[in-house]
Amino acid sequence: MLSLQNLSSFGDVAAEDDAVLDYFLATNVVSEIQSSRAFLVLGRKGTGKTAIVRFLTEGNKKPNNFAKSLNLRGYPWALHAKIKDRGASEIEAYVSSWRYIIFIEIASLILSHPRITHSMHAKGIKEFLQENYGGSSPDLGDILRPRKLKLGKLSVQPSIMGNQLGSLDLERTEKDYQLGLELNALARALFASIVHVIQEAGLGLISIHFDELDQGLSTLDESRKQMLIGLVLAAREVKRECDKEGVAINPIVYLRTDLWDELQFSDKNKISQTLTLNLSWKIESLLDLVETRLRAKLSEDAKWDDIAENDLMRGSQTKWNHILARTFLRPRDVIRFLNASLTEAKRRSVDPLYFTNKDIVNSRDDYSTYLENELDDEIRHHWPQWDEALQACSAISTITFDRSDFVREYDRRKSNSNFITSEEALRILYRFSVIGYEKRSGYGGSSWSFQYIEPEVGWDNAASRFKVHLGLKEYAKLRETRQ
Ligand SMILES: Nc1ncnc2c1ncn2[C@@H]1O[C@H](COP(=O)(O)OP(=O)(O)OP(=O)(O)O)[C@@H](O)[C@H]1O
Ligand SMILES: [Mg+2]
């Protein structure tokens, strides 16, 4: 007999703390990352970026797959900001430094490969790393730290127009335009050695995964934007160079969609169209995700229907649909909701224990606070005073509202430091699916259009009626609108 009494939780809400490898759901995105040409993975908070990185670097122990995750939590962005290539355009000012970092990471990764041969090239890379970093696996945050890099040990000597570089100063004056050229020469030399080592040892696919680029972010300023663009462009360049040389190296960048949306550079569209994977989930795959957890944690054949009583909720809604309607269709939302419901259910000391409608309803307060926090993490960087807009919604007090109500309440609350007009405010709230708008169809019908459900529809400037996302109803203290 299954019982929720035997379940401690549905898992941790962040993949770094979750035993996600015990119940990872390999969606088609995963196989696309492994096989396709895409090198950029975009997803909102909680859509599973870190889960994929963990699966591909820790979970997939095939000898042909050699992978490393590079976590940018605690990355010294301010230090990196100074290693600016003043010979390149502003947009490309960090491409050469990232390219160098990527090759150092690949170099250090292949040196740790069990099949590595001790050739001249492997020795050159090893000694270069030893001399400059004191070991063969420097921390990501230390790669740009030395003031001066000594280049003598490399088997392929970096040179510019035939002149060998004996060393490379990472500390430059404002007027020095050579840094990028020299870093590129160094990266080229490293790459040449790397190609030799890979071919000598016959290594298979090597991948490095850049995750948590948003960690420690307070505002997305120009220099941070340039560094993010630099990493994306550098990863694309490295991938191209590797394809050309016939070595299988995949540098993959995982980025929050809201940050990507803020970046502007000329090849952005091209990259979005052909080299990007978007993480999005359907109701069925989220059910699959939950049931995979139940099978791992409760019993081999456990199903959702085994842990929830099957009476319907208000409006003839199933419990599952009631929960999903309060999420942005992201795994973290679902797991968080279910954990709250589990806590509610366990207040009743019956066995076997199943979810009741009341458990689901009672967990909404706690869940709603969580959802607002998650949104705050996403929206704050773009608009620190977005809570003024949410307060305006609270003041209107019904879950649906007219544009004029919003304008009145928002303008009343808008602080001096808040430069977002009411019109823009509605657009941003829509972009993050805090609100949807009423879409009229032919024949007099209408429906609510939310960005996370139909991203292709887009914002309607002329919309006049809006609805707050159901997950925020409790947090914002909203009530249903009487028809
Ligand atoms: N494919 C999957 N299989 C099983 N669990 C998953 C999968 N994808 C995500 N999850 C779970 O969903 C939750 C959120 O995932 P994760 O922490 O990877 O999100 P994220 O995109 O990295 O979010 P953030 O932007 O906040 O870092 C975690 O509990 C994770 O284990
Ligand atoms: Mg993550």
Side-chain angles (χ1 to χ4, degrees), residues 7-34 40-60 69-75 209-218 220 228 252-262 276-298 302 304 323-324 327-342 367 370-382 432-433 452 471:
L7 187 67
S8 58
S9 88
F10 284 83
D12 199 283
V13 291
E16 32 281 88
D17 305 317
D18 191 22
V20 58
L21 301 181
D22 295 347
Y23 33 68
F24 184 79
L25 184 70
T27 55
N28 53 358
V29 172
V30 177
S31 44
E32 282 182 55
I33 295 174
Q34 285 173 302
L40 182 64
V41 179
L42 299 177
R44 277 189 80 168
K45 284 208 79 199
T47 47
K49 298 180 290 298
T50 304
I52 294 177
V53 172
R54 287 200 57 194
F55 176 73
L56 291 178
T57 56
E58 300 165 45
N60 189 359
S69 98
L70 295 167
N71 188 327
L72 282 98
R73 192 175 285 255
Y75 186 71
H209 303 258
F210 289 92
D211 189 22
E212 305 209 23
L213 287 155
D214 54 296
Q215 278 301 315
L217 186 72
S218 49
L220 187 59
L228 292 178
I252 300 158
V253 179
Y254 298 75
L255 194 60
R256 258 167 48 186
T257 314
D258 58 299
L259 300 182
W260 175 250
D261 288 343
E262 294 287 307
T276 303
L277 294 169
N278 284 292
L279 295 180
S280 67
W281 291 81
K282 296 211 162 36
I283 294 192
E284 309 80 64
S285 44
L286 288 167
L287 182 61
D288 205 357
L289 179 139
V290 168
E291 292 191 328
T292 307
R293 281 166 194 249
L294 292 178
R295 288 195 297 270
K297 285 167 168 269
L298 263 183
W304 169 255
I323 294 171
L324 269 281
T327 71
F328 292 124
L329 299 179
R330 305 183 294 199
R332 179 173 298 147
D333 299 342
V334 178
I335 296 166
R336 184 63 183 75
F337 200 115
L338 291 174
N339 281 341
S341 302
L342 186 61
Y367 169 79
Y370 146 84
L371 194 67
E372 194 275 343
N373 271 318
E374 280 294 282
L375 280 166
D376 190 53
D377 273 348
E378 287 181 315
I379 306 177
R380 195 175 55 222
H381 315 294
H382 312 286
F432 289 95
S433 295
Y452 76 104

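Remember, it's a predicted structure, so these values are computed and weren't measured experimentally. Atoms within each ligand, like the ligands themselves, are counted from 1 in listed order.
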Side chain to side chain contact (heavy atoms under 4.5 Å, CB included) assessment of Val53 paired with Asn71: CA-CA 10 Å; Val53 172; Asn71 188 327; over 6 Å; no
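Between the side chain of Asp12 and the main chain of Asp18, no donor-acceptor pair closer than 3.5 Å is present. A donor-acceptor pair is defined here as one N or O able to donate and one able to accept, closer than 3.5 Å; no such pair exists between the side chain of Arg336 and the backbone of Tyr370. With hydrogens and angles ignored, the 3.5 Å screen pairs a side-chain donor or acceptor of Asn339 with a backbone N or O of Phe10. Between the side chain of Arg256 and the main chain of Lys45, no donor-acceptor pair closer than 3.5 Å is present. With hydrogens and angles disregarded, a donor-acceptor distance shorter than 3.5 Å links the side chain of Trp281 to the backbone of Thr47.
In this structure, Gly43 has no heavy atom closer than 4.0 Å to ligand 1. Distances from ligand 1 to the non-hydrogen atoms of Thr27 include no value under 4.0 Å.
Looking only at protein heavy atoms, the nearest one to atom 29 (O) of ligand 1 is Asp12 O, 2.6 Å. Nearest to atom 23 (O) of ligand 1 among the protein's heavy atoms is Gly46 N, 2.9 Å. Remark: minimum distance from atom 5 (N) of ligand 1 to any protein heavy atom is reached at Arg293 NH2, 2.8 Å. Counting only heavy atoms of the protein, atom 26 (O) of ligand 1 lies nearest to Arg332 NH1, 2.8 Å. Among protein heavy atoms, the minimum distance from atom 27 (O) of ligand 1 is reached at Thr50 OG1, 4.0 Å. Atom 31 (O) of ligand 1 has Asp18 OD2, 2.6 Å as its closest protein atom, hydrogens excluded (heavy atom only). Nearest protein neighbour of atom 19 (O) of ligand 1, counting heavy atoms only, is Gly48 N, 3.2 Å. Ranking protein heavy atoms by distance to atom 20 (P) of ligand 1, first place goes to Lys49 N, 3.5 Å.
Applying the 4.0 Å criterion to heavy atoms of Leu25 picks out, from ligand 1, the atoms 1 (N), 2 (C), 3 (N), 4 (C). Each of the following atoms of ligand 1 lies closer than 4.0 Å to a heavy atom of Phe24: 1 (N), 2 (C), 3 (N), 4 (C). Near Val13, meaning under 4.0 Å from one of its heavy atoms, ligand 1 places the atoms 13 (C), 14 (C), 28 (C), 29 (O).
Glu16 and Arg73 are joined by a salt bridge, as a carboxylate oxygen and a charged side-chain nitrogen come within less than 4.0 angstrom of each other. A salt bridge links Arg330 with Glu378: the closest approach of a Lys/Arg side-chain nitrogen to an acidic carboxylate oxygen falls below 4.0 angstrom.
Residue contacts with ligand 1, taken as heavy atom pairs separated by less than 4.0 Å, do not involve Phe10 at all. Only the backbone of Tyr23 comes within contact range of ligand 1, with a heavy atom under 4.0 Å; no side-chain atom does. At a 4.0 Å heavy-atom cut-off, ligand 1 touches Leu289 through the side chain alone.
Note that NZ of Lys49 and CG of Asp214 are 7.0 Å apart. Values are rounded to the nearest 0.5 Å. Note that NE2 of His382 is 8.0 Å distant from CG of Asp261, once rounded to the nearest 0.5 Å.
Looking at Ala26, Ala51, Ala15 and measuring to atom 17 (O) of ligand 1, the nearest heavy atom belongs to Ala15.
When distances to the Mg ion (ligand 2) are checked against a cut-off of 2.8 Å, Thr50 contributes an N, O or S atom below that limit.
A cation-pi geometry, defined here as NZ or CZ lying under 6.0 Å from the six-membered ring centre and within 45° of its normal, does not hold between Arg44 and Tyr452.
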